[in-house]
Amino acid sequence: MTAEHLDGNALAGPLGEIFAVDAVSATGRCASCGLEGPIASLRVYGPDPGLVGRCPGCDEVMLRLVRGPGTAWLDLRGTVSLRMSVPD
């Protein structure tokens, strides 16, 4: 039995809606200690070679953002989840 699936382009609309919001007001949960809070509460270091956001509770890295010419890399592996308000 083979499950039907769509390719990743099916995520374009839904992800576009999510990332069009103010991300620093989103609530993130630290993968290390479980602390939840707004992204705006992270301790941010940088800007070179990129920005690093650390948990205010345990100081573990929750996100990394690196910009290059016409490109951005976002690493959220230290974040269990992001919860944000989106328009209905």
(message) Between Leu74 and Val61, is there shared hydrophobic-cluster membership here, with clusters defined by ILVMFWY side-chain heavy atoms closer than 4.5 Å?
(response) no

(message) Tell me whether Leu35 shares a hydrophobic cluster with Val80, the cluster being built from Ile, Leu, Val, Met, Phe, Trp, Tyr side chains joined at under 4.5 Å.
(response) no

(request) Just grab all the side-chain hydrogen bond (donor to acceptor under 3.5 Å, both in side chains) pairs involving residues 49-76, residues at least two apart or on different chains. (result) Arg64-Asp75, Asp75-Arg77

(request) Can you see which heavy atom on Pro56 is nearest to which on Arg43, and at what distance? (result) O-NH2, 3.3 Å

(request) Look at the side-chain heavy atoms of Ile, Leu, Val, Met, Phe, Trp and Tyr, link any pair under 4.5 Å apart, and say whether Tyr45 and Met62 land in one connected group. (result) no

(request) Test side-chain contact (heavy atoms from CB on, under 4.5 Å) on Cys55 and Ser32 and set out the steps. (result) CA-CA 9 Å; Cys55 175; Ser32 180; over 6 Å; no

(message) Test side-chain contact (heavy atoms from CB on, under 4.5 Å) on Leu82 and Thr27; report intermediate values, then the result.
(response) CA-CA 6 Å; Leu82 282 177; Thr27 300; over 6 Å; no

(request) Rounded to the nearest 0.5 Å, what's the gap from CG on Leu63 to CG on Leu51? Could you check? (result) 8.5 Å

(request) Please identify each residue that fulfils side chain to side chain contact (heavy atoms under 4.5 Å, CB included) with Ser81, with sequence neighbours left out. (result) Arg29

(message) Tell me whether Leu76 shares a hydrophobic cluster with Val21, the cluster being built from Ile, Leu, Val, Met, Phe, Trp, Tyr side chains joined at under 4.5 Å.
(response) yes

(message) How close do Cys58 and Cys33 get, counting heavy atoms only, and between which atoms?
(response) SG-SG, 3.8 Å

(message) Can you list everything that forms a side chain to side chain contact (heavy atoms under 4.5 Å, CB included) with Ser25? Sequence neighbours excluded, please.
(response) Asp22

